[in-house]
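Below you'll find the structure, written out as structure tokens, and then a few comments.
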Amino acid sequence: MAKFPERARVVIVGQGGIVGASVAHHLIERGWDDIVGLDMSAIPTDVGSTSHASDFCYATAHDQLTCSTTMYSIDFFMKRGNYAKVGGLEVARVDDDDRMEELKRKVALGKAFGTNAYMISAKEAKEKFPLLEEDMIQGALWDPDAGLVIPRSQTVAGDLVQEAEATGKLTTFANTEVTDLIIEDGRIKGVVTPKGNIMADYVVVCAGLWGRTVAKMAGEDLPVMPVDHPLLWFGPYNEFDGTGEEIGYPLMRDQGNSAYMRDTGDSTTAEGGMIEWGYYEEKDPRMCHPRDLQSKEEARLSPSQRDLEMDQIMEPLERAMELTPILGELGFDERRSFNGLLQVTADGGPSIGESQKVRGLWYAVSVWVKDGPGTGKYIADWMTDGRTELDHSSIDVARYYPFQQEEEYIEERCYETAFKIYNPAVHSREPYTASRHMRRSPFYEREVELGGHFIKAAGWERAHGYAANAHLLEKYADRVPVRENEWDNRHFWRVSNAEHLEISENVGMVNLSHFAIYDVVGPDHEAMMEYLCVAKVGGTIPVGKGVYTHFLDEDGGVRADLTLIRMADRYRVIDGGDTGNRDFVYMKRMAQDKGFDVTVEDRTTDFTCIGLWGPNARVNLQAVADEPDELTDKNFPFAAIKTFTVNGVKVTAFRISYVGEQGWELHCKYEDGIALWDALYGQGVAPIGVETYANSRRLEKSLRLQNADLLTNYNLMEADLARPKVKEADFHGKAAYLAQRERDHQPAMLCTLVMTDNVDSKGVARYPVGNMPIMDKAGDFLVDSLGRRSFVTSVSYGPTIGKNICLAYLPHDLAKKGNEFVVEYFGETFSVEVAGVGYEPLYDPENLKPRT
Ligand SMILES: Cc1cc2nc3c(=O)[nH]c(=O)nc-3n(C[C@H](O)[C@H](O)[C@H](O)COP(=O)(O)OP(=O)(O)OC[C@H]3O[C@@H](n4cnc5c(N)ncnc54)[C@H](O)[C@@H]3O)c2cc1C
């Protein structure tokens, strides 16, 4: 046995699970050495979820990153001979048309994100999975890459660790619990164990269900909760005896019943000769706080297994027996059946990346087996290069604001997501019902009076539209379509499209309280922001000027899109609600890494903002401002900032537009917000909901959204946001940016497309929501020279132009105005035409450039 070390370059906490094993493997692959892996139990784990996972891998998910990590993992397992690629079914029962539609939607998403799923008939499903009652289903999704990790993910984890140890770069210690973290000056220094301390430069937490208990040692929390997952065994089932196979039939999911099943192959194999049936609780998910997990000694089964109560599963099991009668015919093996604990998260995504509080402390928590190797690769690339192949904003643990790390929030939100593991199909616009009212703007009470249809953005209650504007529906009746299709209309209020037209033809005010606002202060504030931003923000840029700019990553990928105001002693950073916390954490990290003497202060709740836009914005503002002459076009040019008084409130107005129309962002102190609102409302200015601002008008204006259209896997030229000149000063990502600019052309361009036909086969006009694949007329996918497949990154109906508008990166040779393609939505294709290559607004009355 190796001597217990006193120091290491990296310590992995939770070496025995599939995630710890995958992280070790990939770190070594990326050249890391001197790694110590610790597990409080066995290696491979005998207590973690990996020790009893079902080991299903379905390739197709609802987002690109998950599809990518799963496809990588499948390939990884395959190459090792650890994968039975049997395929997987997801069935829709005859009485469940919604599920059938959802499967079609999922197939389209798979096409967008590079998986190979397609729809098959009930007959074909029966041929593939003979245990089904064919007349009970109307069709199925077939995922040909789906399969099973064999012999078990637990075995694979053990093998990976052994192989890593054989390189001499990993040393492991089982039965060695990390009981504390050694942290100095906000940096990880090592771990405490009963066998002694190990000093380390990096600690990677792969502790699965126990992830939060380790995070607590660092004084933070992770939005993750373990939840019971009933797993039952039926047998003996000897259909595949003599084959030597771990599994005979494909995997089968019946999400309408929140259940799945598979056979376990030849009875001589690991779990053989049985049928396994799993269920995700839909009525009363049983959560278990990590601190309540039992120890190995206390637990009757294992710390990650709890006793199963039959009343949990009787109803769905009866339904399962109708669909697959074999379950009723075989005996139920009570001794082997149990509740396994797996993890649900506050937003459905895992907690990956460097701790917000402690440098060098990394998390890889709430990761499924199917994403284990893919996540291992992401962590290793991220720790090595500071970036990953695809944009990682959706999994970055830094995306969580402090309020999202509060215990009550975590419990409420995770409880809600626990219902949604399989069912119902989650709509892209679906607001959470738990943990509402975390943040309210000063205008909230007024908005309630106006009948705001509230959704949530970054914890803020935001009105999609206002019932009080119903009269505008009469005014614009013929231009505001009725969305007949339930899905297209779900969590959508028609009045929003009328508000959109009102801001085009008259004036409107938008609650922008969700802006995240940060002050960068200190002796190096100018040097630091000059280094982070692509645009020139220091030097000759005058105090009081606003600059729209971006942060790039090392490879020139777009990682932030924000506005800065240069002030006498600081920069005020105005950022989107969705992206704010990540950028806040990033700025603090860059200050540390590059040695800038600054502090970054969160001022979000000190200020508020109203956007006042429309052809009549100026006259309305002049009517209430104390110095109306200062507001003329000549005196107040685009991108300028001025301070004046409205209704006794000191307002800092920034002439800028996210909606194409003339107007201003009006910033003031939070407590003064209500007086500003009242002054504008008293003038007769219509309140306009966030749908117009964030979606319909944004797309008419061809404006890009970070984390949707702006991603680190595309560059600024491709997004057509590069400036004509490159500033002299050095900035992060500059070398890559210069090289990208030197190219004859970019591999892809972000284009604006319009749907030229949106009527489906039932004669219903569709208003798509979410991502969609793009194909040429022959049905072939569009792939650029870097291998990136095109898909719709944003879509919305634009009432002013009367069409659905999409944004999508198209390969260079296809990015031509007038080119025609098709998009797929719920199994049907619709024609689209390229209306603009690069930044080319379809509606821009003031001919405003994006915030230059
Ligand atoms: C019944 C069931 C079925 C499932 N089926 C599937 C499936 O079909 N497909 C799929 O993809 N996923 C499935 N999952 C989910 C999957 O099992 C988990 O997401 C995955 O195994 C998590 O792996 P991990 O390495 O993160 O954690 P774990 O396997 O739980 O390993 C964590 C390790 O950390 C160690 N540890 C914890 N705290 C400390 C500490 N302080 N010091 C040292 N060591 C520590 C533990 O001892 C443990 O060994 C299933 C889960 C369950 C419960």
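Order of appearance sets the numbers: ligands from 1, and atoms from 1 within every ligand. Index from 1, following the sequence. The analysis underlying the following values was restricted to heavy atoms, covering all of them including side chains, and did not include hydrogens, waters or symmetry mates.
Between Thr45 and ligand 1, an N or O atom pair is found at a separation short of 3.5 Å. By the 3.5 Å distance cut-off applied to N or O atoms, Ser51 is not counted among the residues near ligand 1. Considering backbone and side-chain atoms alike, Val47 places every N or O at 3.5 Å or more from each N or O of ligand 1. Of the N or O atoms in Asp55, one or more lie within a sub-3.5 Å distance of an N or O in ligand 1. Taking only nitrogen or oxygen atoms, main chain and side chain alike, His52 does not reach within less than 3.5 Å of ligand 1.
Side chains of Asn339 and Gln312: a donor on one and an acceptor on the other come within 3.5 Å. When only modelled atom types and interatomic distance are considered, Asp254 and Tyr279 share no side-chain donor-acceptor pair under 3.5 Å.
Considering Val23, Leu27, Val11 in turn, Leu27 is the only one that fulfils the side chain to side chain contact (heavy atoms under 4.5 Å, CB included) rule with Ile35. Residue His26 is tested with Tyr378, Tyr72, Trp382 for a ring-ring contact (aromatic ring centres under 6.0 Å, His included); the sole match is Tyr72.
Among all non-hydrogen protein atoms, the one lying nearest atom 31 (O) of ligand 1 is Gly17 CA, 3.6 Å. Closest protein heavy atom to atom 34 (O) of ligand 1: Gly14 CA, 3.2 Å. Nearest protein heavy-atom neighbour of atom 29 (O) of ligand 1: Thr50 OG1, 2.4 Å. Distance from atom 1 (C) of ligand 1 to its nearest protein heavy atom, with residue and atom name: His229 CD2, 3.4 Å. Nearest non-hydrogen protein atom to atom 13 (C) of ligand 1 is Trp368 CE3, 3.5 Å. From the protein, the heavy atom lying nearest to atom 30 (O) of ligand 1 is Ser49 N, 2.9 Å. Ser54 N, 3.0 Å is the protein heavy atom nearest to atom 5 (N) of ligand 1. For atom 45 (C) of ligand 1, the closest non-hydrogen atom of the protein is Met40 CG, 3.7 Å.
Under the 4.0 Å criterion applied to side-chain N and carboxylate O atoms, Arg336 and Glu271 are assigned as salt-bridge partners. Ion pairing of Arg9 with Asp33 is absent here, as no side-chain N (NZ or NE/NH1/NH2) approaches a carboxylate O to less than 4.0 Å. Taking a cutoff of 4.0 Å between a charged side-chain nitrogen and a carboxylate oxygen, Glu102 and Arg105 qualify as a salt bridge. Taking a cutoff of 4.0 Å between a charged side-chain nitrogen and a carboxylate oxygen, Arg7 and Asp201 qualify as a salt bridge. Ion pairing of Asp145 with Lys85 is present here, as a side-chain N (NZ or NE/NH1/NH2) and a carboxylate O approach within less than 4.0 Å.
Nearest approach of Val227 to Ala418, heavy atoms of both residues: CG2-CB, 4.3 Å. For Gln405 against Tyr400, the heavy-atom pair with the smallest separation is NE2-O, 3.0 Å. Looking at every heavy atom in both residues, Ala346 comes nearest to Tyr409 through CB-CE2, 4.1 Å.
Of all atoms in ligand 1, numbered sequentially from 1 with element shown, those under 4.0 Å from a heavy atom of Lys370 are 10 (C), 11 (O). The distance from ligand 1 to the heavy atoms of Leu341 drops below 4.0 Å at these ligand atoms: 53 (C). Close approach of ligand 1 to Val13 (heavy-atom distance below 4.0 Å) involves ligand atoms 40 (C), 42 (N), 43 (C).
Nearest to atom 9 (N) of ligand 1 by heavy-atom distance, out of Phe56, Tyr58, Tyr279, is Phe56. Of the candidates Ala364, Gly48, Gly208, it is Gly208 that places a heavy atom closest to atom 27 (O) of ligand 1. Taking only non-hydrogen atoms, the option from Leu251, Thr70, Asp180, Val19 nearest to atom 25 (O) of ligand 1 is Val19. Among Ala42, Gly16, Cys57, Cys206, the residue whose heavy atom lies nearest to atom 32 (C) of ligand 1 is Cys206. Closest heavy-atom approach to atom 18 (C) of ligand 1 among the candidates Ile18, Leu342, Val367, Leu231: Val367. Taking each of Asp39, Thr193, Val11, Val214 in turn, the one with a heavy atom nearest to atom 33 (C) of ligand 1 proves to be Asp39.
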Self-check item: Worked check of ring-ring contact (aromatic ring centres under 6.0 Å, His included) between Phe76 and Tyr83
Solution: CA-CA 9 Å; Phe76 180 87; Tyr83 195 66; over 10 Å; no

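Relative orientation of the Tyr422 and Tyr260 rings is perpendicular, given thresholds of 30° and 60° on the angle between their planes.
At a 4.0 Å cut-off, at least one heavy atom of Thr176 sits close enough to ligand 1 to count as contact.
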